[in-house]
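Below is one structure, written out as structure tokens; comments come after it.
If you read the sequence from its start, that first residue is 1, and numbering goes on from there. For ligands, and for the atoms within them, numbers begin at 1 and follow the listed sequence.
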Amino acid sequence: MNEHVSLPIPAEEATQRPNSRKVFIKTYGCQMNVYDSVRMGDALASEGYVTTEEMAEADLVLLNTCHIREKAADKVYSALGRLREMKKTRAAEGREFMIGVTGCVAQAEGEEIVRREPAVDVVIGPQTYHRLPQALKSARTGRRVVDTEYAVEDKFEHLPKPEKATTRARGVTSFLTVQEGCDKFCTFCVVPYTRGSEVSRPLAQILDEAHRLVDAGVREITLLGQNVNAWRSEGPDGREWSLGDLLYRLADVPGLARLRYTTSHPRDMDDKLIEAHRDLRSLMPYLHLPVQAGSDRILKAMNRRHTAAEYLRLIERIRTARPDIAMSGDFIVGFPGETDADFEDTLRLVEEVGYASAYSFKYSTRPGTPGAELGDQVPEDVKSERLERLQALLLKQQADFAKSCVGKVIDLLLEKPGRMPGQVIGRSPWLQSVNVDAKTSQIGDIIPVRIIGTGPNSLFAEPAERLMRA
Ligand code: SAM
Ligand code: SF4
């Protein structure tokens, strides 16, 4: 999960069109927002905008927001306060400066945003961002736009396809959204309200995008969805295809070396998907499978529709199919009614699974969700104490997993220059960052390396002979 990601500037674009308007896109929240920010950049490129990493030089700032926890939403209003001041300074200089709010806060709060912050020019929800160019035109004539409808048209059909050079400049790994929305209605979660019900992109559209990415040099694609493994589409054989079928199909795309997907719900891990983990070497042995809690009582109150034992059995089946798979997860502590004993169940489950990485959060009450109506809210200091204990355990497991990699020869996808000259940063099959001595001209290559050490957030490696693989 990423917080505050600003998009890389496709350098060619910036130099090719020196007089273009510049857009700075600040991305909050999950990978789906990162993908959406890239596509908003595409939509605006057709209007002559280039993306910039420098807010100070932008003519348009978009805040692509997250509503999942209270803190994430609060950040948006404080950022808007700062942008209001920038807008005043720009107005005094006679320069255009527009402000847009997109993403889940836009969807959830719509009109409220322009009421609280009159400096905002456009508010656009996640389903209609292909209409950004028209909204900006309208705002320039003095008509501010709040567009949070669920569009009848398919936004993906209306988004312009980026130029090959632009895609190439974005790097050798890419996200590809295949599914949006959620019908699961976990009682703590706003996603079903902000992103709407589950919708899958059609197979042909996904294959077309995957081919374009690979043609531009992308080696690894991560399929995205709020419930990515609920993806369904009619296959060429007339059968309903599931995510497993899609992965088998994508594994046949020449040049596409690595596949990942996130985020999955345990209820939607079907046999075909588990078989894909068994059969496909390009499907990386890493799975983010949130459980949220280890107590059946709390799982029921959360409406997760699985028990702790069912989750553990599922992991056993996945590990039988792909023994080297590393598990990742999400946890919430302090859901209403969670007792010390319930929390101990969560710690026990974590001990039993052994996670290679994980995200954990204090429960945050979200207005409009069933969880907000529940009594027996857990005091803040208890939540903090539980989160600290859980995170200590998860961090230890992550460090243990990293240490277990030392001495192994693994395939490394070289992604970007490292901080030191002569160093390149790559990704292990288990999504760890790995530093290795290599040439930047090798970026995009997958090379065998031996892991020789661990750092706080990354591993160190040296080039190795392929034959010595562990
Ligand atoms: N669809 C995914 C799933 O079911 O696992 C996750 C979607 S959500 C964007 C990412 C994570 O945020 C969730 O897995 C959960 O751990 C956390 N989350 C969601 N609502 C929350 C809340 N009200 N308070 C704290 N954490 C929350
Ligand atoms: Fe939210 Fe649950 Fe849907 Fe995940 S499955 S997006 S946690 S409602």
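Between the S200 side chain and the R232 main chain, a donor and an acceptor come within less than 3.5 Å of each other.
Salt bridge annotation for E180-R201: absent, with no cationic side-chain nitrogen under 4.0 angstrom from a carboxylate oxygen.
Contact atoms of ligand 2 toward H265: 5 (S) (distance under 4.0 Å to a heavy atom of the residue). Residue Q292 has at least one heavy-atom neighbour below 4.0 Å for each of these atoms of ligand 1: 5 (O), 13 (C), 14 (O), 15 (C), 16 (O). Those atoms of ligand 1 that come under 4.0 Å of a heavy atom in K362, given as number and element, are 24 (N), 25 (C). Atom numbering of ligand 2 starts at 1 in the shown order; those under 4.0 Å from a heavy atom of N227 are 3 (Fe), 5 (S). Taking every heavy atom of P192 and a limit of under 4.0 angstrom, the matching atoms of ligand 2 come to 8 (S). If you number the atoms of ligand 2 from 1 as listed, the ones under 4.0 Å from a heavy atom of F188 come out as 7 (S). Of all atoms in ligand 1, numbered sequentially from 1 with element shown, those under 4.0 Å from a heavy atom of R304 are 4 (O).
Two residues are said to be in side-chain contact when any heavy atoms from C-beta on lie closer than 4.5 Å; L349 and F331 meet this criterion. Using a 4.5 Å heavy-atom cutoff, the side chains of L250 and L207 are in contact. Counting heavy atoms from C-beta outward, I221 and V253 have side chains that stay 4.5 Å or more apart.
Each of R386, K383, K362, R297 was checked for a salt bridge (charged side-chain N to carboxylate O under 4.0 Å, His left out) with E338, and the lone residue meeting it is R386.
For F361 and F188, the distance between ring centers is not under 6.0 angstrom.
With a 6.0 Å radius and a threshold of 12 heavy atoms from other residues, nucleotides or ligands, K416 has its NZ atom at or below the threshold.
When distances to atom 3 (Fe) of ligand 2 are checked against a cut-off of 2.8 Å, C182 contributes an N, O or S atom below that limit.
Remark: distances from the non-hydrogen atoms of Q31 to ligand 1 are all 4.0 Å or more. The closest approach between R304 and ligand 2 falls below 4.0 Å for a heavy atom of the residue. A heavy-atom separation below 4.0 Å is not found between K184 and ligand 1.
Looking at atom 1 (Fe) of ligand 2, its nearest protein heavy atom turns out to be C189 SG, 2.3 Å. For atom 8 (S) of ligand 2, the closest heavy atom belonging to the protein is C186 N, 3.3 Å.
Distances from atom 17 (C) of ligand 1 to the heavy atoms of H288, H265, R69 show the closest one on R69. In this comparison of I68, V228, N227, D330, the heavy atom closest to atom 8 (S) of ligand 1 sits on I68.
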Could you check N435 against S458 for side-chain hydrogen bond (donor to acceptor under 3.5 Å, both in side chains), going step by step and ending with a plain yes or no?
CA-CA 7 Å; N435 300 281; S458 58; 3.3 Å; yes
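Checking only distances, F188 does come within under 3.5 Å of ligand 1, N or O to N or O.
Side-chain contact, E70 with S364: no donor N or O sits under 3.5 Å from an acceptor N or O.
Between Y193 and F185, the ring planes lie perpendicular to each other; the angle is over 60°, past the 30° to 60° tilted range.
At a 4.0 Å heavy-atom cut-off, ligand 1 touches S364 through backbone and side chain alike. Contacts with ligand 1 closer than 4.0 Å are made by backbone heavy atoms (N, CA, C, O) of Q226 only, the side chain lying farther away.
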